[in-house]
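Everything below concerns the one structure shown next.
Just so it is clear, the structure is predicted and the values come from calculations on it, not from any experiment.
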Amino acid sequence: MDKKSVSATILVLFLALFFSVVGVCFSTFVYAKTRTLVEKVAIKTASAVKVFNDKKKTKSATQLKLSNMDVGLKPATGEVDGETKIPSTITDEGTSEGYYSTVYVDASAGFKVVVKDINIDSKHDTLLVKEERKNIFVAIKDVKGSAKSLENDEVELAQFSNTQELDKITFFVWLSSFATDELEGAKISFTIEFVLI
């Protein structure tokens with residue numbers, strides 16, 4: 001009886017080790033190539049607008065520090081809010097289905113936030129990938145009407161006219177529920193520009 005228990009335990013341990021190795025190999029060599037990632041979001045500013053990574057204004061921001069998305073972007077599954085047009089699963093917490101990043105803006109004049117220089121690096125057909133840009137969304141938290149797709153080459157997210165205090169701006173990036181496999185393995189980058197108005 002004891003011999004059977006020992007051999008059963010050894011078999012279970014061996015199988016657990018085997019499946020762990022297979023899983024690691026799969027995630028390293030196969031899954032890593034199929035993830036949809038936002039690689040870089042550059043920040044460009046006008047001279048009267050300064051963007052910082054921290055509230056104390058000690059670190060200037062040249063690009064967004066995006067949240068960690070080990071699994072990459074997947075089509076959002078949450079219900080779309082009627083006012084903000086942002087799915088309920090897109091938040092600025094660790095459980096978000098999309099990327100998020102917060103910056104602090106100090107401006108001496110009104111400004112608008114524009115997305116431009118959109119680039120999608122993909123092995124899929126160029127025209128089909130360009131068509132999928134309508135399923136990539138960017139928004140600013142708590143700003144009504146700021147949720148916009150990247151379908152056009154330049155997209156205005158919002159305008160800020162009250163510049164008397166430091167603005168905390170949180171950006172969201174996600175895929176709509178209609179996104180297809182054409183974005184599989186894609187590397188997305190774009191620029192967020194703060195333009196004076």
Determine, step by step, whether V138 and K148 satisfy the side-chain contact (heavy atoms from CB on, under 4.5 Å) criterion, reporting the C-alpha distance in whole Å, the side-chain angles of both residues, the deciding distance to 0.1 Å, and the verdict. CA-CA 6 Å; V138 180; K148 306 276 176 66; over 6 Å; no

Taking it one step at a time, do F171 and L64 satisfy side-chain contact (heavy atoms from CB on, under 4.5 Å)? CA-CA 9 Å; F171 292 97; L64 291 185; 3.9 Å; yes

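- Judged by distance alone, the side chain of D167 and the main-chain N or O of I169 form no donor-acceptor pair under 3.5 Å.
- Taking 4.5 Å as the limit, every side-chain heavy atom of I188 sits out of range of all side-chain heavy atoms of V173.
- Residues in residues 41-65 take part in no ring pair (Phe, Tyr, Trp, His ring centres under 6.0 Å) pair, two or more places apart or across chains.
- Among residues two or more places apart in sequence or in another chain, the side-chain contact (heavy atoms from CB on, under 4.5 Å) test is passed with L196 by A46, A48, V49, A109.
- When side chains are defined from C-beta on, F160 does not count as touching V105, because their heavy atoms never get closer than 4.5 Å.
- With sequence neighbours excluded, the residues satisfying side-chain contact (heavy atoms from CB on, under 4.5 Å) with T89 are A76, T77, P87, E97.
- Under a 3.5 Å cut-off, the side chain of N152 and the backbone N or O of V155 do not form any donor-acceptor pair.
- The closest side-chain heavy-atom distance from L157 to V115 is below 4.5 Å.
- Put simply, the side chain of S146 gets close to the backbone of V143: a donor and an acceptor are under 3.5 Å apart.
- The side-chain contact (heavy atoms from CB on, under 4.5 Å) check on I197 picks up K112, Q159, with sequence neighbours excluded.
- Counting only distance, with no hydrogens or angles, the side chain of Y99 and the backbone of N68 share no donor-acceptor pair below 3.5 Å.
- D153 pairs by the side chain to side chain donor-acceptor pair (under 3.5 Å) definition with R133, not counting sequence neighbours.
- Contacts of T126 classified as side-chain contact (heavy atoms from CB on, under 4.5 Å), with partners at least two apart in sequence or in another chain: none.
- E132 places none of its side-chain heavy atoms less than 4.5 Å from the side chain of L128.
- Distance check: N135 CG to L175 CG gives 7.5 Å after rounding to the nearest 0.5 Å.
- Contact annotation: the side chain of I192 approaches that of F190 to within less than 4.5 Å [non-hydrogen atoms, C-beta and beyond].
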Show your working on side-chain contact (heavy atoms from CB on, under 4.5 Å) between I120 and L150 and close with a plain yes or no. CA-CA 11 Å; I120 303 174; L150 300 185; over 6 Å; no

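- Hydrophobic side-chain contacts under 4.5 Å tie F137 into a cluster, directly or through other members, with I86, I90, Y100, F172, W174.
- Put simply, CD1 on I118 and NZ on K130 are 10.0 Å apart, with the number rounded to the nearest 0.5 Å.
- Contact of the V41 side chain with the T191 side chain is not registered, since no non-hydrogen atoms from C-beta on lie closer than 4.5 Å.
- With sequence neighbours excluded, no residue forms a side chain to side chain donor-acceptor pair (under 3.5 Å) with S122.
- Taking all atoms of both residues into account, the shortest heavy-atom contact from K134 to S149 is O-CB, 3.3 Å.
- Within the hydrophobic cluster formed by Ile, Leu, Val, Met, Phe, Trp and Tyr side chains joined at under 4.5 Å, directly or through other members, V114 is accompanied by V195.
- Taking 4.5 Å as the limit, some side-chain heavy atom of V103 sits within range of a side-chain heavy atom of I43.
- Considering every non-hydrogen atom in both P75 and S177, the closest pair reads CB-CA, 3.9 Å.
- A side chain to side chain donor-acceptor pair (under 3.5 Å) check over residues 37-51, counting only residues at least two apart or in different chains, returns nothing.
- Proximity of a side-chain donor or acceptor of D181 to a complementary backbone N or O of E184 within less than 3.5 Å is not detected.
- In this structure, the side chain of K85 engages the main chain of G82 through a donor-acceptor pair within 3.5 Å.
- Under the ring-ring contact (aromatic ring centres under 6.0 Å, His included) criterion, F194 pairs with F111, sequence neighbours left out.
- Here the CG atom belonging to L66 is positioned 5.5 Å from the OG atom belonging to S101, to the nearest 0.5 angstrom.
- Expressed to the nearest 0.5 Å, how far CG of D117 lies from CD of E193 amounts to 8.0 Å.
- Atom-to-atom distance recorded for T36:OG1 and K74:NZ is 6.5 Å, nearest 0.5 angstrom.
- Residues passing the side chain to side chain donor-acceptor pair (under 3.5 Å) test with D92, sequence neighbours excluded: K141.
- The distance from the CG atom of D142 to the OG1 atom of T170 is 8.0 Å, given to the nearest 0.5 Å.
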